[in-house]
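The residues of the chain are indexed from 1 along the displayed sequence.
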Amino acid sequence: MTNSSTTMIPARAAARLSGKVAVVTGAGQGVGRGIALALAESGAAVLLVGRTLRKLESVAEEIRATGGTADSLAVDITDDTAAESIIATAVSWLGSVDILVNNANLAEPMPLDECTDAAFRTAFEAGPRASLSLMKLARPYMVARGGGVVINLVSSAAVRWDAADYGVYAAVKEAIRALTRAAACEWGADGIRALNVAPHAHSPGLDWWMRHNPEEAEQFIAGIPAGRVGDPVADIGRPVAWLCSSEASYLTGVTVPLDGGQSRWG
């Protein structure tokens with residue numbers, strides 16, 4: 001299985017985001033990497049943010065190899081000064097911020113009894129608190145540019161029929177969903193759109209689990225109407241790039257599931 005896509009994209013798609021600057025957190029692997037690559041191939045300059053510089057630079061090299069523009073910033077998203085550093089770096093290195101993708105996450109599925117207070121606080125610091133801080137700091141730059149787009153990565157965990165082990169993880173993602181809806185309502189007059197994306201795609205963690213649990217993985221895939229796990233670039237990144245383009249200018253305040261029909265959103 002692969003986490004990348006080499007399919008060529010039309011010239012029109014490549015120009016969709018020309019001149020735009022995007023910030024992507026959690027960009028070193030998985031869905032974050034897929035979104036960063038797709039934004040870059042659509043013409044955006046991308047600031048890759050994460051905890052491990054080696055992973056970020058690997059993605060940056062992929063982007064540069066195809067003629068794109070990318071810089072890397074290693075930072076702990078839970079630090080009080082992280083958001084200011086991220087936005088200031090994007091403005092200093094790339095000129096501004098037009099697109100903000102909040103993908104970084106430290107919440108893990110676990111039974112409620114196993115979640116310590118420290119783990120709970122960290123999950124919310126890395127999730128809704130960091131996301132809101134970045135959104136507020138990016139907003140003035142988006143306003144100055146005539147508008148912008150916030151993409152917050154959420155999850156179908158809150159609408160699973162079986163919520164066992166997903167309480168804290170879902171709570172973090174649902175808090176982010178609420179912030180997105182509020183931003184869409186409060187900032188729409190400024191030309192800022194805010195969208196939730198609920199993805200399901202290959203990641204190092206999921207691929208490891210599938211390799212080591214082949215029978216369970218087969219049953220798992222059988223439960224996806226599309227019959228496969230999504231590709232981070234083709235199935236998540238490129239739709240996100242379209243959502244960030246002017247072609248989607250009337251879409252805001254909603255949750256877009258990119259999961260092959262796995263979950264039911266009502």
Side-chain angles (χ1 to χ4, degrees), residues 4-25 27 31-48 59 62-63 66-70 90 94-103 131 134-135 138-139 141-154 156 176-177 179-201 226 230-261 263 265:
S4 64
S5 175
T6 57
T7 304
M8 296 299 291
I9 59 173
R12 182 183 180 192
R16 277 190 182 126
L17 302 177
S18 178
K20 303 296 185 181
V21 175
V23 173
V24 182
T25 69
V31 167
R33 168 185 168 274
I35 292 174
L37 291 174
L39 292 174
E41 72 179 10
S42 290
V46 185
L47 177 64
L48 308 163
V59 179
E62 289 185 78
I63 292 172
T66 58
T69 300
L94 300 175
S96 192
V97 180
D98 301 286
I99 298 164
L100 171 63
V101 179
N102 284 311
N103 172 63
S131 296
L134 285 166
M135 290 162 64
R139 178 175 175 262
Y141 295 99
M142 293 181 177
V143 171
R145 303 266 276 189
V149 183
V150 175
I151 301 286
N152 287 331
L153 276 293
V154 296
S156 62
I176 294 172
R177 279 221 305 154
L179 295 174
T180 306
R181 177 62 183 167
C185 294
E186 295 177 16
W187 300 348
D190 296 322
I192 297 173
R193 294 187 294 117
L195 294 157
N196 293 302
V197 169
H200 180 62
D231 178 88
V233 178
D235 296 319
I236 311 300
R238 287 175 184 159
V240 167
W242 179 81
L243 290 171
C244 292
S245 75
S246 60
E247 295 173 2
S249 62
Y250 202 50
L251 183 62
T252 190
V254 298
T255 297
V256 180
L258 297 175
D259 62 2
S263 300
W265 291 84

query = Can you tell me how far CG of L48 sits from CG of L37, rounded to the nearest 0.5 angstrom?
reply = 8.5 Å

query = Shortest non-hydrogen contact from V97 to A90?
reply = CG2-CB, 3.8 Å

R139: partners by salt bridge (Lys or Arg N to Asp or Glu O under 4.0 Å), with sequence neighbours left out = D190

request  = With sequence neighbours excluded, tell me which residues meet side-chain hydrogen bond (donor to acceptor under 3.5 Å, both in side chains) with T252.
outcome  = none

Pairwise distance CD1(I35) to CD1(I236) - rounded to 0.5 angstrom = 7.5 Å

task = Report the distance from atom CZ of R177 to atom CG of L153, rounding to the nearest 0.5 Å.
result = 13.0 Å

request  = Kindly say whether S246 contributes a backbone atom to a donor-acceptor pair with the side chain of S249 at under 3.5 angstrom?
outcome  = yes

task = Kindly give the heavy-atom pair with the smallest separation between N102 and V150, and that separation in Å.
result = ND2-CG1, 4.4 Å

request  = Check side chain to side chain contact (heavy atoms under 4.5 Å, CB included) between R145 and all other residues, then give those that pass, not counting sequence neighbours.
outcome  = V21, S96, D98

remark   = Contacts of L179 meeting side chain to side chain contact (heavy atoms under 4.5 Å, CB included) (sequence neighbours excluded), chain-then-number -> P128, L132

ask   = Taking atom CG of N103 and atom CG of N152, what is their separation to the nearest 0.5 Å?
value = 10.0 Å

query = Nearest 0.5 Å, what's the CH2-CG distance between W242 and L251?
reply = 6.0 Å

key: Contacts of T69 that satisfy side chain to side chain contact (heavy atoms under 4.5 Å, CB included) - sequence neighbours left out   = A45, L94

key: Residues which pass side-chain hydrogen bond (donor to acceptor under 3.5 Å, both in side chains) with N196, listed by chain and number, not counting sequence neighbours   = T180, T255

query = Is a side-chain N or O of T66 found less than 3.5 angstrom from the main chain of I63, in a donor-acceptor match?
reply = yes

task = Taking side chain to side chain contact (heavy atoms under 4.5 Å, CB included) as the test, write out the residues that go with P257, two or more places apart.
result = D259, W265

ask   = When rounded to the nearest 0.5 angstrom, what is the spacing between CG in L258 and CG in D235?
value = 8.5 Å

ask   = Got a donor-acceptor contact below 3.5 angstrom from the R193 side chain to the A248 backbone?
value = yes

